[in-house]
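Position 1 is the first residue of the sequence, and the numbers go up from there.
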Amino acid sequence: MKIFQEKQFINRWWLSMLILAIIVIVIGTAYYATLNAEEGTALAVSVISLAITFPIVLGLLYLRLETRIDQEGVTVWFKPFGFTKKHFSWKEIKKCYLRKYDSSEFGGWGLRGLGRDWKAYFIYGRNGIQIVTHKDRKFLIGTQRPAAAKDILKRYFQPIPESDHEN
């Protein structure tokens, strides 16, 4: 069984700066808020600050787009957010192909189109795997490995003619 797997991380200088800024702001705010405070208040402010900051920083550090294409279909997930995990079995896919895109088409990178008939998950770049379901829902997944994705799509995806598809 041949499998396509890709993990894309956000390795951008601005993300490091954002994380550093969040940490500095939280530590600075907690410090000044507790400077003349009672011991109990200082501890509460510190714990609340950490409870808010820690998950945000960890989420940003571990944010990644994972794509898997195998004999079962296409699975994509913007980790660590569980609600973003999507699986498309080959039976539910009407069209599946590689295409070029421009992030301005969707208003930037990231999770786009939530709550609509189209969705896009991408981190950066211009290559994507376009999926169109039999219900005409569209889904675009960014990829940095278009040649490998194209090879695996050729292997597993066989479109079902519309007249043969049961609704």
Side-chain angles (χ1 to χ4, degrees), residues 1-23 25 52-167:
M1 173 173 70
K2 195 169 183 184
I3 296 172
F4 170 86
Q5 285 186 307
E6 181 176 26
K7 292 180 183 180
Q8 298 177 57
F9 293 86
I10 301 178
N11 296 326
R12 300 286 190 242
W13 66 268
W14 54 264
L15 181 62
S16 300
M17 293 296 110
L18 176 64
I19 291 170
L20 183 61
I22 290 170
I23 292 169
I25 289 169
I52 293 170
T53 307
F54 191 68
I56 292 171
V57 169
L58 274 181
L60 289 172
L61 287 173
Y62 290 103
L63 186 66
R64 66 185 178 273
L65 178 61
E66 290 191 8
T67 307
R68 179 184 170 103
I69 304 172
D70 59 24
Q71 66 194 25
E72 303 297 319
V74 180
T75 304
V76 62
W77 188 3
F78 234 120
K79 283 189 174 182
F81 306 112
F83 71 92
T84 65
K85 190 172 188 176
K86 303 285 182 216
H87 176 77
F88 300 94
S89 69
W90 293 119
K91 289 179 184 177
E92 63 185 302
I93 298 174
K94 178 169 59 172
K95 296 178 187 173
C96 190
Y97 55 92
L98 261 83
R99 78 173 184 96
K100 296 273 188 195
Y101 66 86
D102 188 335
S103 65
S104 64
E105 219 178 306
F106 302 97
W109 287 287
L111 299 170
R112 296 290 181 243
L114 297 178
R116 299 185 179 158
D117 282 343
W118 61 267
K119 291 181 179 40
Y121 288 10
F122 42 86
I123 290 184
Y124 57 91
R126 297 189 174 277
N127 296 298
I129 302 164
Q130 180 71 64
I131 296 172
V132 181
T133 68
H134 288 287
K135 294 180 180 180
D136 286 325
R137 292 200 170 116
K138 296 177 181 172
F139 201 94
L140 181 66
I141 305 164
T143 181
Q144 300 304 308
R145 299 175 47 217
K150 188 175 183 177
D151 287 345
I152 201 84
L153 290 177
K154 282 181 187 176
R155 180 181 186 103
Y156 289 123
F157 179 63
Q158 285 104 26
I160 301 170
E162 281 298 312
S163 59
D164 292 347
H165 179 69
E166 296 176 23
N167 288 324

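- Pairing each heavy atom of R99 with each of Y101, the nearest pair is NH1-CB, 3.8 Å.
- Between the CG atom of D151 and the CG atom of L98 there is a distance of 10.0 Å, given to the nearest 0.5 Å.
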Would you tabulate the side-chain donor-acceptor contacts of residues 136-143 under 3.5 Å, counting partners in other chains and residues two or more places apart, or write 'none'?
residue: D136; atom: OD1; partner: K94; partner atom: NZ; Å: 2.5
residue: T143; atom: OG1; partner: E6; partner atom: OE1; Å: 2.6
residue: T143; atom: OG1; partner: E6; partner atom: OE2; Å: 3.4
residue: T143; atom: OG1; partner: R145; partner atom: N; Å: 3.0

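- Evaluation of the side-chain hydrogen bond (donor to acceptor under 3.5 Å, both in side chains) rule for T75 yields H87 as partners, not counting sequence neighbours.
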Can F4 and V74 be said to form a side chain to side chain contact (heavy atoms under 4.5 Å, CB included), step by step? CA-CA 9 Å; F4 170 86; V74 180; over 6 Å; no
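- I69 has its side chain within reach of I129: a pair of non-hydrogen atoms, C-beta onward, lies under 4.5 Å apart.
- The two residues F78 and L63 make their nearest non-hydrogen contact at CD2-CD1, 3.7 Å.
- Every side chain to side chain contact (heavy atoms under 4.5 Å, CB included) that K2 has, sequence neighbours left out, goes to I152, R155, Y156.
- Partners of K154 by side chain to side chain contact (heavy atoms under 4.5 Å, CB included), not counting sequence neighbours, listed by chain and number: K150.
- Rounding to the nearest 0.5 angstrom, the gap separating the OH atom in Y121 from the OG1 atom in T67 is 10.5 Å.
- Contacts of F9 classified as side chain to side chain contact (heavy atoms under 4.5 Å, CB included), with partners at least two apart in sequence or in another chain: K7, N11, R64.
- Under the salt bridge (Lys or Arg N to Asp or Glu O under 4.0 Å) criterion, K85 pairs with no residue at all, not counting sequence neighbours.
- When atom types are taken as modelled, the side chain of W90 and the backbone of Q71 share a donor-acceptor pair closer than 3.5 angstrom.
- The shortest heavy-atom contact between C96 and I131 is SG-CG1, 4.0 Å.
- Distance alone, capped at 3.5 Å, is enough to place a donor-acceptor pair between the Q144 side chain and the Y124 backbone.
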